[in-house]
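Here's the structure we're looking at; comments come further down.
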Amino acid sequence: MSYIQDFYDSYERIFGKQTRINDSGLIFFDQFYKRFANADDDIKKAFENTDMERQKRMLKKSLLYCVSFTLSDKSLEHMKGIGEIHDKNHLNINPKVYDTWLECMIATVKEFDPEFNSRIDLGWRLAFSQGITMMKYMHSAC
């Protein structure tokens with residue numbers, strides 16, 4: 001079994017089928033953002049005036065785009081667009097934040113996936129590694 005398959009299996013245990021997010025998945029996003037905002041005062045401040053329901057919907061889409069970007073180039077333009085929105089000329093998201101984002105994501109996965117183990121941990125990290133690299137790169141490239 002591949003690490004990406006481990007990711008997909010974990011994703012499905014947390015969210016249900018990929019096209020529909022179940023109630024547990026909605027709670028997952030709440031917990032993730034609570035953990036992420038509390039990880040750093042600057043992150044908390046950045047989300048003060050954010051429509052969190054909209055933010056959660058965007059995160060749901062971004063998860064799938066980020067993973068599909070890892071598997072193929074079909075999401076390249078979409079990832080570039082997300083990177084541009086977050087670059088130094090727009091939202092100016094510090095590239096260090098993406099490492100915090102990933103650690104908060106993994107901690108939330110560990111909380112919600114009853115089968116969490118080191119393979120699943122690595123599967124989630126690999127699933128997001130290219131997308132996170134793109135986001136960091138886009139910060140200074142634009």
Side-chain angles (χ1 to χ4, degrees), residues 1-47 50-142:
M1 185 184 283
S2 75
Y3 287 106
I4 294 299
Q5 187 61 52
D6 291 334
F7 162 80
Y8 278 122
D9 292 345
S10 174
Y11 183 98
E12 192 168 301
R13 282 190 296 276
I14 294 168
F15 298 111
K17 298 293 179 191
Q18 289 185 1
T19 56
R20 294 195 59 122
I21 298 292
N22 62 24
D23 290 342
S24 173
L26 297 175
I27 297 167
F28 176 95
F29 290 123
D30 290 335
Q31 186 62 23
F32 165 75
Y33 274 114
K34 195 179 304 177
R35 179 175 275 122
F36 188 45
N38 289 324
D40 182 277
D41 287 340
D42 289 337
I43 295 170
K44 182 179 274 188
K45 186 177 176 184
F47 283 111
T50 300
D51 176 348
M52 291 309 292
E53 292 309 311
R54 182 175 179 268
Q55 188 69 30
K56 287 183 251 181
R57 285 191 305 272
M58 288 179 9
L59 176 60
K60 174 189 168 191
K61 288 180 188 177
S62 295
L63 291 177
L64 296 176
Y65 278 116
C66 196
V67 172
S68 64
F69 176 62
T70 298
L71 300 175
S72 75
D73 289 339
K74 290 181 181 177
S75 298
L76 178 61
E77 291 307 312
H78 183 78
M79 286 302 299
K80 281 184 180 178
I82 293 172
E84 186 175 298
I85 290 167
H86 292 80
D87 74 17
K88 66 182 177 190
N89 299 316
H90 297 90
L91 292 175
N92 195 26
I93 304 299
N94 185 321
K96 295 186 310 188
V97 169
Y98 300 110
D99 296 327
T100 303
W101 182 93
L102 181 60
E103 293 310 316
C104 290
M105 181 62 64
I106 297 299
T108 308
V109 169
K110 184 176 183 178
E111 180 181 344
F112 279 78
D113 184 350
E115 296 182 29
F116 186 87
N117 59 35
S118 61
R119 282 190 62 90
I120 291 165
D121 183 331
L122 184 56
W124 278 79
R125 290 175 190 281
L126 291 173
F128 292 110
S129 63
Q130 284 185 274
I132 289 171
T133 299
M134 171 67 88
M135 298 298 285
K136 289 178 177 181
Y137 174 80
M138 292 294 294
H139 183 266
S140 58
C142 294

Measuring from Phe47:CZ to Gln55:CD, what's the distance to the nearest 0.5 Å?
4.5 Å

Nearest 0.5 Å, what's the CG-CD1 distance between Asn92 and Ile85?
14.5 Å

Given side chain to side chain contact (heavy atoms under 4.5 Å, CB included), test Ile43 with Phe36 step by step and report yes or no.
CA-CA 7 Å; Ile43 295 170; Phe36 188 45; 3.6 Å; yes

Excluding sequence neighbours, so at least two apart, what forms side-chain hydrogen bond (donor to acceptor under 3.5 Å, both in side chains) with Lys34?
none

Above 12 or not: heavy atoms from other molecules or residues under 6.0 Å from CG of Asp41?
no

Mind checking salt bridge (charged side-chain N to carboxylate O under 4.0 Å, His left out) for Arg35 and listing every partner two or more places apart, or none if nothing turns up?
Glu111

Please identify each residue that fulfils side-chain hydrogen bond (donor to acceptor under 3.5 Å, both in side chains) with Asp113, with sequence neighbours left out.
Ser10, Arg13

For Met135 and Tyr98 the tightest heavy-atom approach is CE-OH, 3.5 Å

Between Gln5 and Asp9, does any side-chain donor sit less than 3.5 Å from a side-chain acceptor?
yes

For Ile106 and Phe116, what are the C-alpha separation, side-chain angles and deciding distance, and is it a side chain to side chain contact (heavy atoms under 4.5 Å, CB included)?
CA-CA 10 Å; Ile106 297 299; Phe116 186 87; 4.0 Å; yes

Under 3.5 Å, side chain of His90 to main-chain N/O of Glu84, donor-acceptor pair present?
yes

What distance separates Arg119 CZ from Leu126 CG, expressed to the nearest 0.5 Å?
10.0 Å

Partners of Asn94 by side-chain hydrogen bond (donor to acceptor under 3.5 Å, both in side chains), sequence neighbours excluded?
none

Atom of Asn117, atom of Ile120 and distance for their closest heavy-atom approach
OD1-N, 2.9 Å

Asn38/Lys44 under side chain to side chain contact (heavy atoms under 4.5 Å, CB included): CA gap, chis, key distance, verdict
CA-CA 6 Å; Asn38 289 324; Lys44 182 179 274 188; 3.0 Å; yes

Residue pair Trp101, Phe128: steps toward the ring-ring contact (aromatic ring centres under 6.0 Å, His included) verdict:
CA-CA 11 Å; Trp101 182 93; Phe128 292 110; 5.4 Å; yes

Taking atom OH of Tyr33 and atom OG1 of Thr108, what is their separation to the nearest 0.5 Å?
11.0 Å

For the CZ atom of Arg125 and the CG atom of Leu102, what is their distance to the nearest 0.5 Å?
5.0 Å

Qualifying residues under side-chain contact (heavy atoms from CB on, under 4.5 Å), relative to Asp42, sequence neighbours excluded:
Asp40

Chi angles and distances behind the side chain to side chain contact (heavy atoms under 4.5 Å, CB included) call for Thr100, Cys104
CA-CA 6 Å; Thr100 303; Cys104 290; 4.2 Å; yes

Is the backbone of Ile82 close enough, under 3.5 Å, to the side chain of His86 for a donor and an acceptor to pair up by distance?
yes

Rounded to the nearest 0.5 Å, how far apart are CD of Gln130 and CE of Met134?
9.0 Å

May I have all residue pairs that pass salt bridge (charged side-chain N to carboxylate O under 4.0 Å, His left out) and include part of residues 131-140, sequence neighbours excluded?
Asp99-Lys136

With Phe112 as partner, the option from Phe29, Trp124, Phe28 fulfilling ring-ring contact (aromatic ring centres under 6.0 Å, His included) is Phe28

